[in-house]
Structure formats: C-alpha cells, structure tokens
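Working notes, beginning with the structure itself.
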Amino acid sequence: MTKFFNSVITTLLISTTSAFAQVENNIEKPNTNPPINMESMAGSRGVMFQLLVNKKFQSIPKLGFFSVTNATAAWEKEMTPNIMTQAHFTYNLFKGLDLSSGMQYTPVYGFRPVAGLIYSYATQDILIILNPKVDLADDLATESLALLEYKPKINDKLNFYSRLQGMYGFIPESGIHNRSYIMLRAGLGYKEFAFGAASNFDWYGPIKHNENNFGVFVSALLF
C-alpha cells in the first residue's frame, strides 16, 4: 500500500511539474509573428495611407510574406493619386535576414518582378527594417527602403512613438533618380495605437521634383 501511495504522489509531482513547465514555456515563448501596421495621414498637401506586412507562415516558419503599400491623394481633384505597392514571398536565411522575390507596382513602371533582401530587427522599444531590391526588367531599376521606429515607455499606459522611414530609387546604368521619399513621425502610443505629428518629403523623376506634406497621423497594429 505504501508503494502504491508513493507511486501516486510521484506521478502527481511529475505531472504538476510538467504542467508548470508547459505554462512557463508558453509565457516565455509568445507568438512573435509581427503585426500588420496600418497608418493614415492627413496633411497640407493631401491624404496618405500606408500598409506594412511582414509575416511568417505558422506551419512553414522559414517562409513568409512582405508587403509595403503607399497611396497618396492630393486635395486637388485634378491630380492623379499616387500608388506604390510591393508584395514578396520571403525565405529566411538566418535570424533577421530574408531573401525576397515578388512583384512591385509604380505608376511610372507598372508591374515588374523584383528580388531583394530584407533585414529586420525588433525589440519592445525599437524596430528596424532594411529592404534593398532590384527589379528584373531589361531597364533595371533599384530601390532601397529603410525604416526605424523608436517607442520607449513613458508610463504604464503611454509610450513615446517616433519613426524615420526613407526610400531611394534610381536606374543603376545611368544613375538617374526616379523616386525617393522621407517620412517623419512623432507622437504618442497607447496599446496598439499611435498618433501625432507627421511630415512627408517626396521627390519625383530625374529632376527630383519636390512635394511636401505636413499634418497628423493615426496608426494601428493588427495582430
């Protein structure tokens, strides 16, 4: 009888320890798949919308999907909205660095196949994304995207939110500029939302025609 009770107690201890270990593992290893970032801006020139997706497939974690879409519409109705979008499948080489291949659309070049690299680094306070890429058409063009977010905590409910995002595109054979921009954001974050002041600086074409937009933004993370 004593051996029986000892066996029962031992089994209960092992089961309880395993259960606690499983709970601790679940707490220590949350789902780290990045959320979708959605932002709208209204400013002096017009309105802008941006959607950023950087996800991994749960069943095949080395494979993923990366997309950045920017849409800008000026207040003047006669001006055509400007839309830039890219969509890539990604393959993880090692932590933080992926190969990417997919398509890109711009008003000047239309749809083109593209390939590149994506480096990403994320902590609670910092997000870094670097994305150099080239299109695979005969008149090859290249673009490099860089994004840096800094969002330290102010208190238990609020954090300071800031972002610097830039892109530069040119034609390597001639060195001619085709499109570039700098986006600046500064404000407050609350849970999955952020809001504050915004400014966009855009340059178009070989002569680098400049259009700027100053206003406010609201962004949200979709998990």
Side-chain angles (χ1 to χ4, degrees), residues 34-55 65-89 100-116 118 127 129-137 139-149 161-171 176-187 192-222:
I36 296 171
N37 191 314
M38 183 173 60
E39 178 188 274
S40 293
M41 173 194 175
S44 54
R45 182 188 173 204
V47 295
M48 191 213 77
F49 174 80
Q50 176 169 278
L51 185 69
L52 174 62
V53 181
N54 188 14
K55 289 282 193 180
F65 179 77
F66 178 79
S67 176
V68 181
T69 298
N70 292 317
T72 303
W75 297 121
E76 293 84 357
K77 292 183 179 180
E78 65 273 12
M79 296 186 68
T80 304
N82 181 28
I83 298 174
M84 298 174 59
T85 186
Q86 57 175 306
H88 305 257
F89 286 108
S100 67
S101 180
M103 71 87 186
Q104 176 171 300
Y105 171 82
T106 63
V108 175
Y109 293 105
F111 286 97
R112 291 194 171 201
V114 293
I118 300 172
L127 171 65
I129 296 177
L130 303 175
N131 175 217
K133 62 183 181 295
V134 296
D135 68 39
L136 305 177
D139 51 342
L140 180 147
T142 182
E143 289 182 0
S144 294
L145 169 73
L147 182 150
L148 170 63
E149 282 187 354
Y161 178 85
S162 62
R163 186 172 91 243
L164 168 63
Q165 180 178 332
M167 188 275 290
Y168 187 85
F170 70 101
I171 302 170
I176 294 175
H177 169 275
N178 53 24
R179 179 76 166 88
S180 59
Y181 64 73
I182 295 175
M183 298 181 187
L184 301 175
R185 304 288 186 268
E192 69 269 35
F193 303 99
F195 52 90
S199 57
N200 289 359
F201 305 90
D202 293 278
W203 293 270
Y204 302 90
I207 64 172
K208 297 183 179 180
H209 172 71
N210 175 234
E211 295 282 355
N212 300 326
N213 195 18
F214 304 95
V216 295
F217 80 95
V218 176
S219 66
L221 301 178
L222 304 177

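Basis for what follows: all heavy atoms, side chains included, without hydrogens, waters or symmetry-related copies.
More than 12 heavy atoms of other residues, nucleotides or ligands shown are found within 6.0 angstrom of CZ on Phe214.
When side chains are defined from C-beta on, Tyr181 does not count as touching Asn200, because their heavy atoms never get closer than 4.5 Å. Two residues are said to be in side-chain contact when any heavy atoms from C-beta on lie closer than 4.5 Å; Glu211 and Asn82 fail this criterion. Between Asn54 and Val68 the shortest side-chain heavy-atom distance does not fall below 4.5 Å. Taking 4.5 Å as the limit, some side-chain heavy atom of Tyr204 sits within range of a side-chain heavy atom of Arg179. Residues Leu140 and Asp135 have side chains in contact (heavy-atom distance under 4.5 Å, counting atoms from C-beta outward).
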- Task: I would like to know whether Arg163 and Tyr161 meet side-chain hydrogen bond (donor to acceptor under 3.5 Å, both in side chains); could you show each step before the answer?
- Result: CA-CA 7 Å; Arg163 186 172 91 243; Tyr161 178 85; 3.1 Å; yes

- Could you walk me through whether Arg45 and Asp202 pass the side chain to side chain contact (heavy atoms under 4.5 Å, CB included) test, one step at a time? CA-CA 11 Å; Arg45 182 188 173 204; Asp202 293 278; 3.9 Å; yes

- For the pair Ile83 and Asn70, evaluate side chain to side chain contact (heavy atoms under 4.5 Å, CB included) and give the outcome as yes or no after the intermediate values. CA-CA 6 Å; Ile83 298 174; Asn70 292 317; over 6 Å; no

- Task: Might you work through the side chain to side chain contact (heavy atoms under 4.5 Å, CB included) test for Tyr105 and Met84, ending with a clear yes or no?
- Result: CA-CA 6 Å; Tyr105 171 82; Met84 298 174 59; over 6 Å; no

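Under a 3.5 Å cut-off, the side chain of Ser67 and the backbone N or O of Gln86 do form a donor-acceptor pair. Side-chain atoms of Asn213 come within 3.5 Å of backbone N or O of Ser44 as a donor-acceptor pair. Between the side chain of Thr142 and the backbone N or O of Lys133, at least one donor-acceptor pair lies under 3.5 Å. Side chain of His177 to backbone of Pro206: no donor-acceptor contact under 3.5 angstrom is found. For Ser100 (side chain) and Gly116 (main-chain N/O), a donor-acceptor pair under 3.5 Å exists by modelled atom type. Using a distance-only test at 3.5 Å, with no hydrogens or angles considered, a donor-acceptor pair links the side chain of Arg185 to the main chain of Ser199. Under the 3.5 Å distance criterion, the side-chain polar atoms of Trp75 are left unmatched by any main-chain donor or acceptor of Val47.
A side-chain contact (heavy atoms from CB on, under 4.5 Å) with Leu52 is found for one member of Ile129, Ile36, Thr69 and no other, namely Ile129.
Aromatic ring pairs are classed by plane angle as parallel below 30°, tilted from 30° to 60° and perpendicular above 60°; the pair Phe170 and Tyr168 is tilted.
Put simply, CZ on Phe201 and CG on Leu184 are 5.5 Å apart, with the number rounded to the nearest 0.5 Å. To the nearest 0.5 Å, atom CZ of residue Phe65 and atom NE2 of residue His88 are 8.5 Å apart. Separating the CG atom in Leu130 from the OG atom in Ser144 is a distance of 9.0 Å, to the nearest 0.5 Å.
Among all heavy-atom pairs drawn from Pro35 and Lys55, the shortest one is CA-NZ, 3.9 Å. Of all heavy-atom pairs spanning Ile171 and Tyr109, the tightest one is CD1-OH, 3.4 Å. Closest approach of Gly169 to Glu143, counting heavy atoms only: CA-CG, 3.8 Å.
Using modelled atom types and a 3.5 Å distance limit, the side chains of Gln165 and Gln50 yield a donor-acceptor pair. Side-chain contact, Asn210 with Asn212: a donor N or O sits under 3.5 Å from an acceptor N or O.
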